Amino acid sequence: MFHGLVIFLSAFLIFLVQPLIAKQILPWFGGSAAVWGTCLLFFQTALLAGYAYADAVNRWLSIRVQAILHSLLLLIAALTMPIIAADHWRPAGDEEPISRIIGLLIATIGLPYFLLATTTPLVGAWYWRRTQESAPYRLFALSNFASLLALLGFPFLIEPWIGNREIAIFWSGLFVLFAVLCAALGWSTARHARQSFTAEPVGQQAGTGIIASAPTQAAGMGDWPYWIGLSAIGSAMLLGVSSHLTQNISSAPLLWVVPLALYLITFIISFDHPRWYVRPIYLTVAAVVVPLMAWLSDSLNLAMVTPVYALGLFVVCMVCHGELARLKPHPSRLTVFYLSISIGGALGSLLMAVIAPMIFDGYYELYAALVAAAAVALGLRIGNTPKARLAFRLTACGVLAAVCWTSWKSIGDYKANVRFMERDFYGVVRTRDILTEAPFRSMIHGAISHGGQLLDEGLQMTASSYFGPTSGYGRLFASLPAGPKQIGIVGLGAGALAVYARPGDHWVFYEISPAVIRAARAEFSFLEKMSGTHEVVLGDGRLALEREPARQFDVLALDAFSGDSIPSHLVTKEAMDIYMKHLKPDGVIVLQATNRFVDLMPVARNLADAHGLTAVLISDTPQFEQGPDYWLSMTDQVIMTRNPKILQAAAIRSVAQAIPRSTRVPMFTDDYINLFSILKH
């Protein structure tokens with residue numbers, strides 16, 4: 001069917017371009033997990049604009065005028081191909097990131113995405129206008145099925161084999177094909193409408209496209225607050241779970257698409273046929289899993305947490321979208337229904353991506369989404385008798401109370417003993433004191449410690465956390481020859497590496513998060529007490545190094561993490577080219593490779609080989625004869641250099657491990673990053 005083909009192609013393109021364009025711009029904004037959340041806000045808002053357009057033209061324009069207008073817009077959009085972000089959108093360092101990302105997306109894919117977003121409701125209305133024989137709601141399921149294919153295909157079938165630029169060109173070609181097919185469908189519908197116009201009932205309003213004689217289900221139109229609310233909760237849950245995963249593993253398409261795929265699957269199931277949504281089963285599972293999600297929200301055991309969150313997202317969205325399917329109105333109100341769903345989706349994204357970071361100093365929006373998911377049951381019309389309805393509402397109140405209590409307790413634990421807490425686009429930064437016989441203050445970003453300092457006056461410049469004397473950093477600085485050094489550090493953290501500075505040194509810290517800089521200066525004394533001189537450069541380290549003239553660093557350390565998330569744009573061949581520009585011929589690059597989920601060793605080996613460096617791994621497990629050991633951490637660090645004297649130094653040679661070459665992990669580039677190949681099993 002022609003209508004189904006156009007809808008299928010449009011949905012496929014919509015959800016292929018989402019990870020594609022987000023991956024293009026991710027390196028420009030520090031690899032932050034918030035980049036994907038901001039992109040989702042744009043996608044949901046553009047979808048709302050597309051649905052509003054479809055509703056407006058279906059109400060007020062004849063089919064012929066619709067075909068003319070839509071064909072003109074499709075032609076203009078086709079002339080903007082290919083969809084490759086322009087370099088002038090790269091931030092310089094101090095720009096507000098959300099508005100810049102939104103502006104970039106509007107300029108790069110705004111009109112094409114908007115037109116793709118109009119397709120499902122507009123073509124669905126054309127289909128109903130032309131046939132009036134069967135409800136077009138299954139086309140919505142077809143649309144989401146195509147979206148699912150694109151989402152799952154990107155990380156598993158496309159991204160591992162094809163570079164970003166090639167995918168963008170392929171997408172642009174498909175869009176031109178879509179534009180031709182959609183315009184042809186519009187003109188075909190217009191011709192059919194003209195030919196059959198005289199045979200239509202008197203109640204047909206040719207100028208509006210609405211069939212006045214068709215039943216309008218006025219009562220159903222009163223359900224629009226439910227349409228918006230249910231859609232908003234599903235969208236909020238999607239962003240909450242996505243953000244939770246990407247903050248703690250990596251902000252990469254593989255982890256973006258899994259929650260979004262689950263979200264889409266629930267739309268497919270719900271709108272394919274009513275039999276798939278069995279209320280008692282999904283509500284019962286939701287009553288168990290939603291409080292469990294709140295309970296596990298601060299757990300670092302992602303092997304256990306991830307399946308629970310995936311199940312919770314699926315079940316909650318299944319309830320929301322299943323109820324939406326039960327409330328769908330007569331097809332003559334199809335565009336209004338889709339518009340309400342898109343309003344809810346945009347509202348949920350806005351609340352999670354923009355409003356919550358503005359009003360919360362910590363990451364609390366996931367709890368808010370869970371409370372809203374529990375509260376939605378109170379508005380469901382369940383039960384055929386007053387007693388049955390009362391029993392259901394009492395149960396729903398019990399679940400809501402459990403979620404509220406668990407969320408409140410988790411927030412209390414999150415804020416316990418916190419001295420400093422600030423949030424920006426790049427995450428939440430906290431400091432917390434451990435007050436024992438050797439008091440220690442740590443900096444926490446997300447759920448991960450990013451360095452710390454012993455508080456006793458005589459111990460404040462003692463090496464600690466991941467940078468102890470037996471770590472890769474400690475052994476390297478002990479092995480460097482005497483004399484002033486130029487040191488570059490990508491990722492400030494608490495500033496703990498500054499304990500290794502010597503008189504005459506000049507250290508340059510690159511830090512993308514203003515909150516981290518403020519915490520390092522206000523809560524720790526490393527920068528104040530370090531030897532030599534230092535400067536702090538605000539902005540993404542890679543972009544700053546790209547702009548600067550050669551620094552001639554003796555050591556360049558890469559220690560930029562958000563939570564436990566790997567900023568993958570820092571470990572590509574193009575990034576390594578930038579580092580080498582700033583490194584002395586006998587200089588050293590140190591990569592912080594400590595991570596619970598991904599194995600960076602093959603990536604580091606590939607980067608070293610490509611630039612004629614030798615790479616060795618230093619794994620440090622501190623051993624203590626007595627006393628507390630909480631200020632030192634287990635860590636893996638990779639040392640890369642051409643300088644044989646460094647590698648032969650006793651402190652390094654005695655513990656250095658060769659890194660084997662891996663044939664299954666190819667070179668990472670800006671165009672090609674395969675996170676799946678380095679996941680730990």
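Note that this is a predicted model, so its numbers are computed, not measured. This chain uses plain numbering: 1 for the first residue, then up along the sequence.
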Distance-only, no hydrogens or angles: does the [X] side chain make a donor-acceptor pair with backbone N or O of [Y] under 3.5 Å?
{"X": "Q66", "Y": "V57", "answer": "yes"}
{"X": "D670", "Y": "T572", "answer": "no"}
{"X": "T80", "Y": "A77", "answer": "yes"}
{"X": "S243", "Y": "L239", "answer": "no"}
{"X": "Y338", "Y": "L122", "answer": "no"}

Who pairs with [X] by side-chain hydrogen bond (donor to acceptor under 3.5 Å, both in side chains), at least two apart in sequence or on another chain?
{"X": "D424", "value": "S513"}
{"X": "S235", "value": "Q44, S349"}
{"X": "Q24", "value": "none"}

Residues in side chain to side chain contact (heavy atoms under 4.5 Å, CB included) contact with [X], at least two apart in sequence or another chain:
{"X": "P97", "value": "F29, F425, Y426"}
{"X": "I158", "value": "L16, I162, I167"}
{"X": "A608", "value": "L613, A615, M640"}
{"X": "E548", "value": "Y510, V537, L545, R551, H582"}

Please identify each residue that fulfils salt bridge (Lys or Arg N to Asp or Glu O under 4.0 Å) with K573, with sequence neighbours left out.
D577
Apply salt bridge (Lys or Arg N to Asp or Glu O under 4.0 Å) to R90 and list each qualifying residue two or more places apart in sequence or on a separate chain.
D87, E546
According to the interplanar angle, ranging from 0 to 90°, do the rings of F337 and F271 count as parallel (below 30°), tilted (30 to 60°) or perpendicular (above 60°)?
tilted
Take the angle between the ring planes of W126 and H70 and call it parallel below 30°, perpendicular above 60°, tilted in between.
perpendicular
With sequence neighbours left out, write down each residue that passes ring pair (Phe, Tyr, Trp, His ring centres under 6.0 Å) with F8, or none if nothing qualifies.
none
H321: what forms a ring pair (Phe, Tyr, Trp, His ring centres under 6.0 Å) with it, not counting sequence neighbours?
Y263, F267
Partner of F42 by side chain to side chain contact (heavy atoms under 4.5 Å, CB included), out of I106, L104, L47
I106
A quick test of your reading: do over 12 heavy atoms of other residues, nucleotides or ligands sit less than 6.0 Å from CZ of F114?
yes
Does anything in residues 162-180 form a side-chain hydrogen bond (donor to acceptor under 3.5 Å, both in side chains)? List the pairs, not counting sequence neighbours.
none
